[in-house]
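When reading the values below, keep in mind they use all heavy atoms of this one structure, side chains included, and skip hydrogens, waters and symmetry mates. Whatever order the structure lists them in is the order used to number ligands and atoms, beginning at 1. Keep in mind the model is a prediction, meaning the values are calculated, not measured. The first residue of the sequence shown is numbered 1, and numbering continues consecutively from there.
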Amino acid sequence: MTILRLILADQLSHSLASLQDCDLDNDWVLIAEVREEASYVKHHKKKIAFLFSAMRHFAEELKSQGHNLHYTLYNDEDNQGSLFGEVERVCKQKNIDKVVLTYPGEYRVLTDMQSWQKKLKIPVEIRQDDRFLSSLDEFSTWANERKQLRMEFFYREMRKKWHFLMDGDKPVGDKWNFDSSNRKALPKGMSPPQPSKFEPDAITQDVLALVAENFSEHFGELENFHFAATRDQALVVLNEFVAQRLIHFGDYQDAMVQGEPWMYHSHIGFYLNCGLLTPKEVIEQAENAYRNGDAPLNAVEGFIRQVLGWREYVRGLYWLKMPDYKSENFLEATRSLPKFYWDANTKMNCLHQCVKETSENAYAHHIQRLMVLGNFALLAGLHPDEVNEWFLIVYADAYEWVELPNVSGMILFADGGLLASKPYAASGSYINKMSNYCKGCHYKVKEKNGPQACPFNYLYWDFLDRNQEKLGKNPRLGMPYRTLSKMSDEKRQAIQSDGQIFFKALENNEEV
Ligand code: DLZ
Ligand code: SF4
């Protein structure tokens, strides 16, 4: 029996389920660069270059281990342009008896795969992705037993299951969550270490030329490409984070500084999500740093919560709720995405900086995504479809399983509160507290109304006002709604009128 094992761009792990029983003498592995996946949304140029380069390097590693490898190059003239097209072509060419797959990261790809057996007329097995620390069955059992699906409780179960950061059956430090000590702005004079840069080798240089030629109209800059492209390089990134930045990760994880895109974050999401690193090894390294006295508990717990709690939780939720989750729009938001999300041309300095860095790096850290780019999308009532597509396009770590719950659930409250207990709406004062963006801004963060006022200030109240029917009873919004109810009619009108002027300018494509 000859088996074909397809490996997707986000499945670059030697431990992958579909590789586990591979017969080196007989079986074939297929990795394919295909037009359909590279352009079903117009991914950032750096995202495509990163994945193609990582795929080509991974293929070299498999070949050197003795695998029979069919690698489809993007410009191969026989390339069928889709995953199925390539699987079908190789099945015929190599006389394949069975296809083995690992569960993909997107519902769209899964439904496609589920049709292959019928079309190919040979068995197609789709295996669970055991790189994740919670299986989909386990998550749905947990979810079905509860009315509210709060991440915090799922996270505690995962800590106990895997025995991460535990002393016997108690959490280390006697508390599950140390977030309350994690909200500091970066003190003046403190500058985060610069991460290692990997110079493109011959494989990456080929890929960069290919992307420049074929994807020139896609968003983002291709220059200064320094991603890790192999597991060894990704391990360098992980080790560097644990040795140099984890110590301050907790304290400054919400801080934003102009010109400092990397801060004390790990930047391993690219590598975790495409498979070059596994969540288990990442968590173990962080826990070891705590146990050896190299990093404080608030930092290590906060980091582990992201990987063991949040990451697994959003994946479980995605598969539990798809396909309906994709069309949720609880707040009935309809506005189109403003042009400045693509060209950074806005007088709002926070948004300008965050879009600019996203374009340069295919990366922004979570507070930039949530509290600047996402907060604006929420306050301005941008349509979830357009916001989701933007986030999927621009970040090199984005696949739908992780992007959709974070954007529709966390950022836009489009699921009506399944994932988050309240919308993460904030005025300019939050951005001012956590960043130095406001100093260089055309608008004045302390002004609440009028042409010089920070738009986040009046848009925040306008958002609450507009959505009072849907949000007014949310217990976590009790305070702001009480404040709103005490406002004079004059003040309320000023807020509405500033909002209208701002939205009119947006619609007229004026620079705001
Ligand atoms: C994102 C992406 C891109 C840009 N290109 C490819 C590709 O050429 N081949 C491939 O197998 N996967 C690619 N991907 C990832 C897929 O679009 C999709 O997100 C994952 O396969 C889901 O598991
Ligand atoms: Fe952003 Fe407002 Fe600060 Fe300008 S003043 S940077 S728009 S928060």
Side-chain angles (χ1 to χ4, degrees), residues 6-12 16 30-56 58-59 71-74 79 81-87 101-110 112-113 126 129 207 210-211 214-215 218 256 258 270 273-275 315 318 340 346-354 362 368 371-373 375-376 379 392-393 395-403 426-448 452-460 502 512:
L6 172 70
I7 300 185
L8 304 171
D10 56 348
Q11 299 183 338
L12 308 179
L16 194 73
L30 167 64
I31 302 181
E33 297 170 5
V34 291
R35 184 181 30 77
E36 198 167 275
E37 295 309 315
S39 51
Y40 79 96
V41 294
K42 289 185 164 185
H43 301 285
H44 193 303
K45 294 189 197 80
K46 272 204 172 97
K47 179 179 185 182
I48 301 177
F50 163 59
L51 289 177
F52 283 9
S53 173
M55 286 158 76
R56 290 184 186 193
F58 188 70
Y71 191 94
T72 305
L73 293 167
Y74 190 78
N79 190 333
S82 69
L83 292 171
F84 176 71
E86 280 308 286
V87 167
L101 310 165
T102 302
Y103 219 81
E106 304 196 355
Y107 187 85
R108 172 188 62 86
V109 180
L110 179 67
D112 185 30
M113 285 174 164
I126 308 177
D129 190 344
V207 166
L210 177 133
V211 173
N214 292 278
F215 301 97
H218 284 214
M256 300 175 280
Q258 190 160 326
F270 312 120
N273 293 354
C274 81
R315 175 181 184 255
Y318 174 80
F340 66 72
T346 163
K347 293 183 277 191
M348 294 177 278
N349 191 41
C350 52
L351 281 160
H352 170 74
Q353 296 299 334
C354 292
Q368 294 176 302
M371 298 310 291
V372 178
L373 297 154
N375 187 23
F376 183 87
L379 298 186
L392 190 58
I393 284 176
Y395 294 117
D397 49 25
Y399 305 88
E400 199 177 76
W401 68 267
V402 58
E403 174 278 318
S427 68
S429 63
Y430 173 85
I431 296 173
N432 191 33
K433 195 172 105 204
M434 297 316 301
S435 79
N436 60 359
Y437 293 143
C438 300
K439 284 194 193 90
C441 188
H442 164 87
Y443 297 104
K444 305 228 172 340
V445 72
K446 302 271 188 244
E447 285 190 25
K448 309 287 182 227
Q452 283 299 300
C454 164
F456 282 89
N457 289 343
Y458 51 80
L459 291 181
Y460 171 75
F502 182 87
V512 290

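Counting the atoms of ligand 1 from 1 in the order shown, those under 4.0 Å from a heavy atom of F52 are 5 (N), 8 (O). Ligand 2 places these atoms under 4.0 Å from at least one heavy atom of C438: 3 (Fe), 5 (S), 6 (S), 8 (S). Below 4.0 Å from some heavy atom of Y40 lie the following atoms of ligand 1, by number and element: 17 (O). Interface atoms of ligand 1 facing V34, defined by a heavy-atom separation under 4.0 Å, are 7 (C), 8 (O). The distance from ligand 1 to the heavy atoms of P104 drops below 4.0 Å at these ligand atoms: 23 (O). Residue contact check: Y399 has heavy atoms under 4.0 Å from atoms 19 (O) of ligand 1. Less than 4.0 angstrom separates some heavy atom of E33 from each of these atoms of ligand 1: 8 (O). Each of the following atoms of ligand 2 lies closer than 4.0 Å to a heavy atom of M348: 7 (S). When each atom of ligand 1 is checked for a heavy atom of L51 under 4.0 Å away, the hits are 1 (C), 2 (C). Counting atoms of ligand 1 from 1 in the listed order, those under 4.0 Å from a heavy atom of G105 are 22 (C), 23 (O).
For ligand 1, the polar-atom distance check finds an N/O of A32 within less than 3.5 Å of one of the ligand's N/O atoms. For the pair Q11 and ligand 1, the shortest N or O to N or O distance does not fall below 3.5 Å.
Scanning all protein heavy atoms for the shortest distance to atom 1 (Fe) of ligand 2 gives C350 SG, 2.4 Å. Among protein heavy atoms, the minimum distance from atom 4 (Fe) of ligand 2 is reached at C441 SG, 2.3 Å. Protein heavy atom nearest atom 19 (O) of ligand 1, with residue, atom name and distance: E106 OE2, 3.0 Å. Looking only at protein heavy atoms, the nearest one to atom 21 (O) of ligand 1 is L8 CD1, 3.4 Å.
Dense packing is recorded around NZ of K347, with more than 12 heavy atoms of other residues, nucleotides or ligands lying under 6.0 Å away.
Closest of all the heavy-atom pairs between E403 and A398 is CB-CB, 4.4 Å. Of all the heavy atoms in Y443 and C454, the pair that sits closest is CB-CA, 3.8 Å. Closest approach of Y437 and Q353 over heavy atoms only: CE2-CB, 3.7 Å.
Counting only heavy atoms from C-beta outward, the side chains of R56 and L73 approach each other to under 4.5 Å. Between E106 and Y40, some side-chain heavy-atom pair lies under the 4.5 Å cut-off. Taking 4.5 Å as the limit, some side-chain heavy atom of V512 sits within range of a side-chain heavy atom of F340. Contact of the E447 side chain with the N457 side chain is not registered, since no non-hydrogen atoms from C-beta on lie closer than 4.5 Å. A heavy-atom distance below 4.5 Å is found between the side chains of E33 and M55.
Ring to ring, Y74 and F215 are close: their centroids are under 6.0 angstrom apart.
The closest heavy-atom contact to atom 12 (N) of ligand 1, among the options A9, A38, C274, S39, comes from A9. Comparing heavy-atom distances from atom 5 (S) of ligand 2 across V445, I431, N457, V372 singles out V445 as nearest.
For the pairing with F376, the side chain to side chain contact (heavy atoms under 4.5 Å, CB included) check across L459, I431, T346 returns one residue only, L459.
In this structure, CE in M348 is found 10.0 Å from NE2 in H442, a value given to the nearest 0.5 Å.
The main-chain N or O of H43 is found under 3.5 Å from a side-chain atom of H218 such that the two form a donor-acceptor pair.
Residue-level proximity to ligand 1 for M55 is carried by the side chain, the only part with a heavy atom below 4.0 angstrom. Proximity of R108 to ligand 1, defined as any heavy-atom pair under 4.0 Å, is confined to the side chain (atoms from C-beta onward). At a heavy-atom cutoff of 4.0 Å, ligand 1 is contacted by both the backbone and the side chain of E37. For L83, every heavy-atom contact with ligand 1 shorter than 4.0 Å involves the side chain, none the backbone. With a 4.0 Å heavy-atom cut-off, ligand 1 is reached by no atom of Y74.
For atom 3 (Fe) of ligand 2, the set of nearby N, O or S atoms under 2.8 Å includes none belonging to C454.
Cation-pi contact between K47 and Y399: present, with separation from the ring centre below 6.0 Å and deviation from the ring axis of at most 45°.
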